Amino acid sequence: MKNIPRIFIGNNVKNGMIIPADKSIAHYLTDVMRTHDFLAFGGGFEYSAKISEDKKSIMIGERTAHTDPSNDVTLYFSPIKHTDDLINMATQMGVARIVPVITERTVAHHINWERMRKIATEAAEQSNRNSVPEISEPIPFNKLDLHDICFADERFAYDNKNTTQISNNIKSILVGPEGGFSDSEFATLDAAGAIPVSLGKTILRAELAAAIAIGKLL
Ligand code: SAH
């Protein structure tokens, strides 16, 4: 395990760029990690990088050979009490996009999305990604595109039914809130041909359900 720090610099990071170093990065590199050299990433690529002696600027060097291990899965989820854990795990699992969906039983309405983006950035740095998943603005359930989507639903745990096969073209998964999907949401998903996915016979917390469901799409 290499211990050279990896820092997300932004999606537009490019070789040859010189940018002002923000104070927290300067502190982290020089006081905590005691180095001036680091790996800068963003937009799918990684670069060797350096902070100047006066700690005021960052120089982006050559692109490294590291290929982005991120995937093209989109996670749709209802905001929940443990949204921070969900974002953290989903980012570690390499998802490209995270889309909050407000469902009938969504109760967590006051999420600090800026904090969530910070959590995603930190998780991306430590999981060797070259990109940070985009976290979009919350959308209402009725605006959700139900084409080529699967959804995790515990009804199948109660029914003791087997897992549905998920075909390779499905790259989007929807996970419900603490209270699950309502009957009318279930009917809407079913009518649209969304694929129900069982994650076993126990009822999982939504954040764990999300992580396992993402794993099924990889
Ligand atoms: N309130 C429900 C549980 C909801 S769990 C109840 O007690 O019956 C929250 C979300 O996690 C669900 O909406 C579903 O998306 C997912 N989930 C939890 N356990 C699951 C399982 N065994 N199979 C599939 N999805 C599950």
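Numbering of ligands and ligand atoms starts at 1, following listing order. Because the structure is a prediction, the values reported are computed rather than measured.
- Note on ring orientation: taking the six-membered ring where Trp is involved, the planes of Phe151 and Phe181 are perpendicular (angle over 60°, cut-offs 30° and 60°).
- Annotation: Val175 places no N or O atom under 3.5 Å from an N or O atom of ligand 1; distance criterion only.
- Within 6.0 Å of NZ in Lys81 there are 12 or fewer heavy atoms belonging to other residues, nucleotides or ligands.
- Without hydrogens or angle criteria, Arg129 side chain to Thr91 main chain gives a donor-acceptor distance under 3.5 Å.
- Taking a cut-off of under 4.0 Å to the non-hydrogen atoms of Gly179, the atoms of ligand 1 that pass are 1 (N).
- Judged purely by atom type and a 3.5 angstrom limit, Glu185 has no side-chain atom pairing as donor or acceptor with the backbone of Thr103.
- Backbone and side-chain nitrogen or oxygen atoms of Leu174 are examined, and none is located within less than 3.5 angstrom of a nitrogen or oxygen of ligand 1.
- Between the side chains of Ser70 and Asp68, a donor-acceptor pair is found at a separation under 3.5 Å.
- Ring pair Phe8/Phe41: centre-to-centre distance below 6.0 Å.
- Between the side chains of Arg117 and Asn112, not a single donor N or O lies within less than 3.5 Å of an accepting N or O.
- For the residue pair Ser127 and Gln92, no side-chain donor N or O sits within less than 3.5 Å of a side-chain acceptor on the partner.
- Using a 4.0 Å heavy-atom cutoff, Ala213 is absent from the residues neighbouring ligand 1.
- Remark: minimum distance from atom 13 (O) of ligand 1 to any protein heavy atom is reached at Gly176 CA, 3.2 Å.
- Here Thr202 has backbone heavy atoms under 4.0 Å from ligand 1, and that is the only part of it that gets that close.
- Close approach to Ile203 involves these atoms of ligand 1, each under 4.0 Å from a residue heavy atom: 3 (C), 19 (N).
- Interface atoms of ligand 1 facing Gly200, defined by a heavy-atom separation under 4.0 Å, are 22 (N).
- Here is the list of ligand 1 atoms found below 4.0 Å of a heavy atom in Leu204: 5 (S), 11 (O), 18 (C), 19 (N).
- Ranking the protein heavy atoms by distance from atom 2 (C) of ligand 1 puts Glu154 OE2, 3.4 Å first.
- Relative to atom 16 (C) of ligand 1, the option among Ser78, Pro196, Ser198, Ala209 with the closest non-hydrogen atom is Ala209.
- For the ligand labelled ligand 1, residue Val197 lies inside the 4.0 Å heavy-atom shell.
- Counting heavy atoms closer than 4.0 Å to ligand 1, residue Glu178 contributes backbone atoms (N, CA, C, O) but none from C-beta onward.
- Of all atoms in ligand 1, listed by their number and element, those nearer than 4.0 Å to a heavy atom of Asp153 are 23 (N), 24 (C), 25 (N).
- Atoms of ligand 1 lying under 4.0 Å from at least one heavy atom of Gly180, given by number and element, are 1 (N), 4 (C), 13 (O).
- Ion pairing of Arg155 with Asp183 is present here, as a side-chain N (NZ or NE/NH1/NH2) and a carboxylate O approach within less than 4.0 Å.
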